[in-house]
Amino acid sequence: MKKFGVIVKQSLEQVLQDAVNILLKNMTDSSSVHVKLSRPKMKEHGDYACNVAMPLAGMLNMNPRQVADKLLTMTAWPDAVEETTIAGPGFINIRLQKSCEAEVLKKILTEAASYGQLPVDNNAEKVCLEFVSANPTGPMHVGHGRGAVVGDALGRVLSARGFKVHREYYINDAGTQIGVLANSVWLRMCELQGQTIQLPDSAYPGDYIIDIAKELLKIHDFETVQSWSEEQRLAWLNQESIAANMRMIADDLDIMNIHFDEYFSEKKLHESGKVQSLIQRLREQGTVYLGTLPAPKGKAIENYQPVEQWLFRTTDFGDDVDRPLAKKDGTATYFAADIAYHENKFQRGFDRMIDIWGADHGGYVSRVRAAMKALTQKDDQPDVLLVQMVNLTRDGQAVKMSKRAGTFVTLREVVDEVGSDAVRFNFMTRRIESQFDFDLEEAKEKSNENPVYSVQYAHARIASILRKAKEEGIVLLPVKDVDVSPLVSAEEQALIANMLAYGDMLTVAADRLEAYRVATYVMKLAADFHSFYHKNRVVTEDEALTQARLLLASAVKQVIFNALTLLGVSAPEQM
RNA sequence: GCGCCUGUAGCUCAGUAGGAUAGAGCAACGGAUUUCUAAUCCGUAGGCCACUGGUUCGAAUCCAGUCAGGCGCACCA
């Protein structure tokens, strides 16, 4: 009975489900209705509400209120239920005994950092989570940052809910862009040597290229590099420039505490022969044919010429048009490598693939899924999360240029200015489908304008209360001995109900791959605590009340900590 | 022209797979500062949930169409 509060919701759903099943037993067809309880918005509607009578009414051809009435007579309610009523069109409202749910506080403090987590067992679903994958040709921009933050938080949420998560970064270290990078670095090396250079439009203009050139000159002096054959020089420049950029990217991610289990190289995929053998296999299968694509609709392409290419029949699997696997010079397209890459993930034994891409890759989703359907017969892989664009502003004015990158504002510049916590939390306050207007001045604001401070402040405030209580010589009772029955006010009940729902929220977040729910959840919990704090004192003359409220405050602190940890945001003890 | 995403308070956004009276922050206005942290709280005001039709007991939510904005549309990545 003591622990009943924690599992009360499931028990109520079970007894109601039993009643529903009996009611439906006489039906000829084997229809079923799933009982689900919800928290009503209004306090007058009780602690839990159930709408099951409404769908049942249609099936049984009865009035919903009559159905509800019948269900209530058939239900064996546990002791914790104080009152049930039928309201509105046929809702069943359930009111529990006060403080019967407060036992959850003890569960929270006992489980501490693992409250809300599910264990990872041997049968856990293995997920390959690919995110960031920014090209190794320059610093990450703010849009990459959003993908990084979203991906990392999603990884943490999935891990917490019992998935085995493998975090992966796909390095696009093959293709023409890399040649451009190598050439840009070489030009800067010549420039450092005193030569006058002309940067072509195609070259990367950013100052970071100069830094790389300087770095490379420390490895080999200019004369040595110049003495090599062009082929040898390009290969060396390629390799070192990519490595330098990847170090820079990994550094920037490290500042935000984002790490990967694996960096997967596209170049090595090509070198392994897997791309060519895949194309060969598909040709034998007949899913690849030699053909010519029509000119694309929309904006006219100046130098369009019909080319005969190896085409993948993605249209057979739900794509709009067949997609080329080889360029006119015969080398594999990015798409070809990407299919081989995804097939490789599948071969590595992952049950599920999740890719986080920028919105500008939206047109790519259907073709990759089509290819995977052709190769694996699964039609729901990979799960692609498209993260919409970030518009960077300062005091409402668009910010676009960065000296360092030459084109866009880098993630690093933003993190250095506003801090990792503010960047991470802010990016998590919106659904990924909505475009994000990120204002640098707002992100530095230390007020309610900036949600991260409100949440961190709640955590620090509780820490301060606990310190104060200790200073005053209050000795905390062992958790199991605290009497929670004094926690009956509306504010206290709201906090308890919120914390009780933490696990359900995480389930939804993991099922729907919506990690932002953690942020909206913890914002509400923090706000509710601030509200409670202003109406009630934690440390009072009443010893029993003080003990109960210290328990409550400690639990709130713990849940805020757990949620912030999932978001990769720090939970300070003082501010 | 086609595909994907979006449209909710003046602004920025939530809305827990269709539920009861639509939610928060900011901005506006009015309050709380002998405090366990005011980086906070309380109150007032503010809505044709883009528009039109449909589905049903019931729609911001589902469907169709329209309008508006963003992203993308051979041989780049």
Side-chain angles (χ1 to χ4, degrees), chain A residues 36 38-42 44-45 49 51 54-55 57-58 63-64 87-91 93 135 137 172 174-178 266 292-299 301 303-307 309 311 319-321 323-324 326-329 333-335 337-338 358-366 386 388-389 391 396 429-437 439 442 445-451 453-454 456-458 460-469 471-472 501 504-505 507-509 511-512 514 516-517 520-521 523-524 527 530-535 537-540 549 553 574-575:
Chain A
K36 213 180 149 198
S38 62
R39 288 271 179 190
K41 277 179 228 161
M42 272 161 297
E44 309 85 72
H45 293 150
N51 65 357
M54 267 90 88
N63 176 310
F91 292 100
N93 291 337
N135 285 348
T137 52
N172 299 127
T176 52
Q177 294 304 309
I178 300 304
E266 183 193 353
T292 307
L293 287 176
K297 299 273 164 62
K299 67 172 180 211
I301 297 171
N303 53 352
Y304 173 78
Q305 299 167 349
V307 191
Q309 297 167 300
L311 299 174
D319 201 3
D320 302 331
V321 60
R323 305 290 177 177
K327 306 175 204 169
K328 60 183 165 192
D329 66 3
T333 59
Y334 178 79
F335 175 53
D338 214 16
D360 53 344
H361 288 62
Y364 220 73
V365 177
S366 57
L386 291 178
Q388 294 295 320
M389 278 181 53
N391 297 311
T429 57
R430 286 159 175 70
R431 285 150 44 238
I432 59 168
E433 293 89 353
S434 76
Q435 290 180 33
F436 199 134
D437 298 314
D439 193 279
E442 241 172 56
E445 194 78 28
K446 296 186 175 177
S447 70
N448 249 345
E449 176 90 16
N450 190 0
Y453 287 106
S454 177
Q456 289 183 319
Y457 186 61
R461 178 177 254 176
I462 296 169
S464 169
I465 295 169
L466 297 177
R467 280 194 299 270
K468 191 84 175 181
E471 275 170 32
E472 289 183 15
D504 285 348
M505 178 277 296
T507 301
V508 173
D511 284 354
R512 304 190 200 172
E514 294 175 342
Y516 77 94
R517 286 174 186 280
T520 46
Y521 170 87
M523 281 157 68
K524 177 78 167 75
H530 288 309
S531 188
F532 158 79
Y533 171 87
H534 279 272
K535 285 185 191 150
R537 287 187 66 85
V538 174
V539 178
T540 64
R549 284 186 175 163
Q574 53 187 341
M575 290 172 75

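Proteins get letters first, then strands, A, B, ... in listed order; numbering begins at 1 in each. Just so you know, these numbers come straight off a predicted model, no measurement behind them.
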Quiz item: How far does the P atom of B/rA22 sit from the matching atom of B/rU16, given to the nearest Å?
Solution: 16 Å
Exercise. Pick base, sugar-phosphate or nothing for A/Glu44, based on heavy-atom distances below 4.0 Å to the nucleic acid.
Key: base
Exercise. Please confirm whether the backbone N or O of A/Tyr457 pairs with a side-chain atom of A/His530, one donor and one acceptor, at under 3.5 Å?
Key: no
Quiz item: Mind checking the C1' distance from B/rC57 to B/rG18? Whole angstroms is fine.
Solution: 12 Å
Practice problem: Looking at every strand, decide which applies to A/Glu266 at a 4.0 Å heavy-atom threshold: base, sugar-phosphate, or nothing. | Solution: sugar-phosphate
Exercise. Starting from P on B/rC75, measure out to CG on A/Leu293 and report it in whole angstrom.
Key: 8 Å
Exercise. Using the P atoms only, state how far B/rU34 lies from B/rC29, rounded to an integer number of Å.
Key: 24 Å
Quiz prompt | Whole-Å gap separating C1' (B/rA74) and CG (A/Asp319) | solution = 13 Å
Quiz item: So which nucleotide does B/rU55 pair with, by the Watson-Crick or G-U wobble rule with both distances under 3.5 Å?
Solution: none
Practice problem: Nearest-nucleotide wise, let me know which of A/Gly363 and A/Ile465 is further upstream toward the 5' end of RNA chain B. | Solution: A/Ile465
Practice problem: Let me know the distance between CG of A/Asn391 and C1' of B/rC5, rounded to the nearest Å. | Solution: 14 Å
Practice problem: May I ask you to say what A/Ala326 touches in the nucleic acid, namely base, sugar-phosphate or nothing, with a heavy-atom cut-off under 4.0 Å? | Solution: nothing
Exercise. For A/Gln309 and for A/Leu386, locate the closest nucleotide of RNA chain B by heavy-atom distance; then report the residue assigned to the nucleotide nearer the 5' terminus.
Key: A/Leu386
Quiz item: What is the per-nucleotide protein-contact pattern of nucleotides 39-45 of chain B, from the 5' end, where B denotes a base atom under 4.0 Å from a protein heavy atom, S denotes such proximity for sugar-phosphate atoms only, and - denotes neither?
Solution: BBSS---
Exercise. Could you check how far CG of A/Asn135 sits from C1' of B/rA77, rounded to whole Å?
Key: 5 Å
Exercise. Take atom C1' in B/rG25 and the same atom in B/rG19, then report the distance between them in whole Å.
Key: 27 Å
Self-check item: Distance between P atoms of B/rA60 and B/rA9 (Å, rounded)
Solution: 15 Å
Self-check item: Nearest heavy-atom neighbours spanning A/Leu311 and A/Thr292
Solution: CD1-N, 4.0 Å
Self-check item: Check: A/Tyr533 side chain, A/Ile462 main-chain N or O, donor-acceptor pair, under 3.5 Å
Solution: no
Exercise. Can you tell me, in whole Å, how much space there is between the P of B/rU8 and that of B/rC13?
Key: 9 Å
Quiz item: Rounding to the closest angstrom, what is the interatomic distance between B/rC42 and B/rA24 at atom P?
Solution: 10 Å
Self-check item: Residue pair A/Thr429 / A/Met523: nearest heavy atoms and the distance that separates them
Solution: CG2-SD, 3.9 Å
Quiz prompt | Main-chain N/O of A/Arg517 paired with A/Thr520 side-chain donor or acceptor, under 3.5 Å | solution = yes
Quiz prompt | Inter-nucleotide C1' distance (B/rA20, B/rU61), Å rounded | solution = 16 Å
Quiz item: Can you tell me how far C1' of B/rG1 sits from CG of A/Asp320, to the nearest Å?
Solution: 12 Å
Quiz item: Do A/Arg430 and A/Phe436 meet the cation-pi criteria used here (NZ or CZ under 6.0 Å from the six-membered ring centre, within 45° of the axis)?
Solution: yes
Quiz item: Would a distance-only check, ignoring hydrogens and angles, find a side-chain to backbone donor-acceptor pair under 3.5 Å from A/Asn450 to A/Tyr453?
Solution: no
Self-check item: Sidechain-backbone polar pair: A/Thr540 side chain, A/Arg537 backbone, donor-acceptor under 3.5 Å
Solution: no
Quiz item: Going by the angle between their ring planes, with limits at 30° and 60°, are A/Tyr364 and A/Tyr334 parallel, tilted or perpendicular?
Solution: tilted
Quiz item: How does protein reach along nucleotides 6-20 of chain B, written 5' to 3' as B (base within reach of a heavy atom under 4.0 Å), S (only sugar-phosphate), or - (no contact)?
Solution: S-----SSSSSS-BB
